[in-house]
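Reading through the structure tokens given below for one structure.
Not measured: the values here are computed from a predicted model. Indexing begins at 1, ligand by ligand and atom by atom, following the structure's order.
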Amino acid sequence: MQVHFLDRTGQRITAEAQPGDRLLDIAQAAGLPLEGTCEGQMACSTCHLIIAPQWFDCLPPASAEEEDLLDLAPAACSTSRLSCQIVLQEGLDGLLAKVP
Ligand code: FES
């Protein structure tokens, strides 16, 4: 499967992924500047990505803990997610997310 990212300059980057991969790991492997400082412990929000609206509803809903952290993330919007909390599945082939 493939996922697509838009970096801060608007350049599109396509990465290969497998079901079960974390979106954060795929984004980092593709060279995107996501620190992921807490390594998925939901303590930093440096893994914040903005999901394309057409894909947002395909994701399992965010936990209350994730929502709380997103409230503090710079440039957060209504389709923001913490990429460390997104595990890819078949139905997400083609997902598009933007670096805030
Ligand atoms: S890596 Fe820290 S919240 Fe996702």
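- Only the backbone of S45 comes within 4.0 Å of ligand 1, judged by heavy-atom distances.
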Inset, instruction - Go through L6 and Q11 one step at a time and tell me if the side-chain contact (heavy atoms from CB on, under 4.5 Å) criterion holds. - result: CA-CA 5 Å; L6 292 179; Q11 188 189 343; over 6 Å; no
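- Distances from atom 2 (Fe) of ligand 1 show that C84 has no N/O/S atom below 2.8 Å.
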Inset, instruction - Could you check M1 against L88 for side-chain contact (heavy atoms from CB on, under 4.5 Å), going step by step and ending with a plain yes or no? - result: CA-CA 9 Å; M1 63 186 291; L88 295 169; 4.1 Å; yes
Inset, instruction - Decide yes or no on side-chain contact (heavy atoms from CB on, under 4.5 Å) for S83 and H48, but give the supporting numbers first. - result: CA-CA 6 Å; S83 61; H48 171 208; over 6 Å; no
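- Rounding to the nearest 10°, we obtain 110° for the angle at atom 2 (Fe) of ligand 1 between C44 SG and C38 SG.
- The environment of CD in Q54 is crowded: more than 12 heavy-atom neighbours from other residues, nucleotides or ligands sit within 6.0 Å.
- For the pair L49/I86, no side-chain contact is recorded, criterion being any heavy-atom separation below 4.5 Å from C-beta on.
- For ligand 1, the atoms closer than 4.0 angstrom to any heavy atom of M42 are 3 (S).
- Atoms of ligand 1 found under 4.0 Å from any heavy atom of G40, numbered from 1 in the order shown, are 1 (S).
- Residue contact annotation: C47 places no N/O/S atom under 2.8 Å from atom 2 (Fe) of ligand 1.
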